[in-house]
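Everything below concerns the one structure shown next.
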Amino acid sequence: MSTRREITEDGKELYFDHGAPYFTANHKDVMALVCEWEAKGLVAEWKESTGIFDCVATKFIGIEKEGSSKKYVGIPGMNAMCRAMCHEPGVEAKFGTTVGTLQWLEDKNLWSPKDLDGKTLGHFDAMVASDKNVVSPRVTAVTGRPPPLDMSLVQELAPKLEEVPVLPCFCVMLAFSEPLSSIPVRSFAFKNSTVLSWAFCNSSKPERSSSTSECWVLHSTAEYAKRVISQTGLQKLPSSVLSNVAEELFQEFQRNELNIPRPFFMRAHRWGSAFPAIAVAEDKKCLWDRSKRLAICGDFCVSPNVEGAILSGMGAAANIMAIISSI
């Protein structure tokens with residue numbers, strides 16, 4: 001649930017929801033939370049039609065009517081709810097600090113996270129990790145450092161997390177000086193494309209209007225992203241590679257007889273772990289070690305979407321609250 005702010009060379013501010021473009025809510029507990037967020041002005045319904053574009057037939061083959069299924073977006077960006085939760089009473093949020101190690105103090109029965117320099121960040125009764133890579137060797141492949149959590153501390157949970165398969169994605173952020181009037185919908189999926197999976201008009205979302213530009217976000221297929229990553233690895237990509245990705249995705253967008261002009265802004269972003277391919281907890285909602293009061297939660301536990309992440313977080317919170325209330 002990310003929102004990116006970009007500044008063009010001539011000083012224009014552009015905003016893109018370059019992660020999840022929207023979310024849906026079907027579970028009653030999630031709907032109750034969404035109603036709270038709506039009342040606080042943190043989310044709103046995105047009342048736009050969606051469609052499917054067939055790249056072989058070069059035409060839209062299906063358009064879903066406005067409001068046939070509720071799609072929600074954050075206000076003014078998809079990160080609004082996360083930002084708001086950081087300011088809830090009793091919450092002390094710390095940014096700009098990487099937790100290098102999660103140390104379990106057996107003698108004190110407490111957790112002691114440490115930063116990359118080994119500095120202790122405090123002692124805690126319970127710990128929640130919402131990153132599937134907390135015990136994964138993928139961390140070492142990307143950063144050169146060992147994973148934050150020693151697998152020997154959570155021997156029952158570790159096998160489920162050691163290698164969570166993911167479907168990667170590349171996102172391309174585009175800004176046009178004029179509305180793309182040739183496109184009859186504001187979000188659509190691609191059929192018969194090996195390069196593009198979705199396109200979304202960010203500017204059509206509530207409270208994102210701009211009189212000077214229309215912003216779109218393109219998502220690649222997992223197939224395309226895997227091909228690029230197999231050639232480049234997981235290290236930080238040079239700007240030349242990202243520029244090539246942006247150009248390839250835009251050309252696929254442009255070549256489908258939609259009369260799309262050249263954007264005045266274009267930038268690619270690698271979303272390496274976009275969609276987990278499995279659910280490691282399912283009905284249990286999260287992975288839970290009661291003896292050490294450790295919860296591991298996220299979309300990879302329930303389902304690969306925002307609602308899955310919310311349900312998993314609720315499951316982790318319920319386990320911890322049950323323990324804390326009995327202390």
Side-chain angles (χ1 to χ4, degrees), residues 1-24 37-38 41-53 60 63-64 66-67 69-84 169-190 193 195-221 225 242 245-247 249-254 256 258-271 274-275 305-306:
M1 299 186 73
S2 300
T3 299
R4 174 80 69 89
R5 174 176 174 262
E6 296 281 0
I7 306 292
T8 64
E9 290 180 359
D10 59 354
K12 286 182 182 175
E13 274 192 345
L14 303 171
Y15 290 89
F16 301 90
D17 295 326
H18 64 300
Y22 63 87
F23 69 97
T24 58
W37 287 341
E38 274 192 296
L42 297 173
V43 304
E45 189 180 348
W46 187 21
K47 297 180 179 180
E48 290 284 353
S49 299
T50 60
I52 299 171
F53 186 84
F60 284 91
I63 295 180
E64 178 190 32
E66 178 183 322
S69 64
K70 286 192 174 183
K71 299 182 288 290
Y72 295 96
V73 296
I75 301 296
M78 283 298 285
N79 59 1
M81 299 78 87
C82 303
R83 282 176 172 268
C169 176
F170 276 93
C171 311
V172 172
M173 297 161 277
L174 306 169
F176 300 90
S177 55
E178 299 290 338
L180 301 187
S181 55
S182 63
I183 301 177
V185 291
R186 300 294 85 185
S187 72
F188 60 97
F190 289 87
S193 173
V195 177
L196 286 176
S197 61
W198 276 94
F200 311 93
C201 179
N202 213 78
S203 302
S204 69
K205 297 177 184 179
E207 297 190 32
R208 289 166 172 82
S209 59
S210 170
S211 58
T212 59
S213 59
E214 182 169 277
C215 296
W216 283 75
V217 176
L218 308 179
H219 283 185
S220 78
T221 60
L242 289 172
V245 167
E247 188 62 40
L249 265 66
F250 172 67
Q251 285 182 5
E252 180 77 357
F253 189 41
Q254 193 179 44
N256 286 304
L258 293 171
N259 299 316
I260 296 168
R262 189 83 188 169
F264 67 81
F265 176 88
M266 181 167 65
R267 185 158 296 165
H269 167 76
R270 182 181 64 191
W271 192 5
F275 307 104
N305 48 41
V306 172

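- Note that CE of Met81 is 3.0 Å distant from CE of Met1, once rounded to the nearest 0.5 Å.
- Rounding to the nearest 0.5 Å gives a distance of 8.0 Å between CZ of Arg270 and CG of Leu242.
- Between Pro76 and Ala80, the shortest heavy-atom contact is N-CB, 4.3 Å.
- Note that OG of Ser197 and CZ of Phe275 are 7.0 Å apart. Values are rounded to the nearest 0.5 Å.
- Atom CZ in Phe53 sits 11.0 Å away from atom CD1 in Ile63 (nearest 0.5 Å).
- Using cut-offs of 30° and 60° on the angle between ring planes, the pair Trp216 and Phe253 is tilted.
- For the side chain to side chain contact (heavy atoms under 4.5 Å, CB included) test, residues two or more places apart in sequence or in another chain that qualify with Pro179 are Glu214.
- In this structure, Phe200 and Trp46 have tilted ring planes: the angle between them lies in the 30° to 60° band.
- Partners of Pro263 under the side chain to side chain contact (heavy atoms under 4.5 Å, CB included) rule, at least two apart in sequence or in another chain, are Leu174, Phe176, Phe250, Met266.
- Ion pair Glu64/Lys47 not flagged as a salt bridge, since none of the NZ, NE, NH1 or NH2 atoms sits closer than 4.0 Å to an Asp/Glu carboxylate oxygen.
- The side-chain contact (heavy atoms from CB on, under 4.5 Å) test with Val73 singles out one residue from Glu48, Glu45, Met78, and that residue is Met78.
- For Asp10, the side chain to side chain contact (heavy atoms under 4.5 Å, CB included) partners are Thr8, Lys12, not counting sequence neighbours.
- Of all heavy-atom pairs spanning Gly41 and Ile75, the tightest one is O-CB, 3.6 Å.
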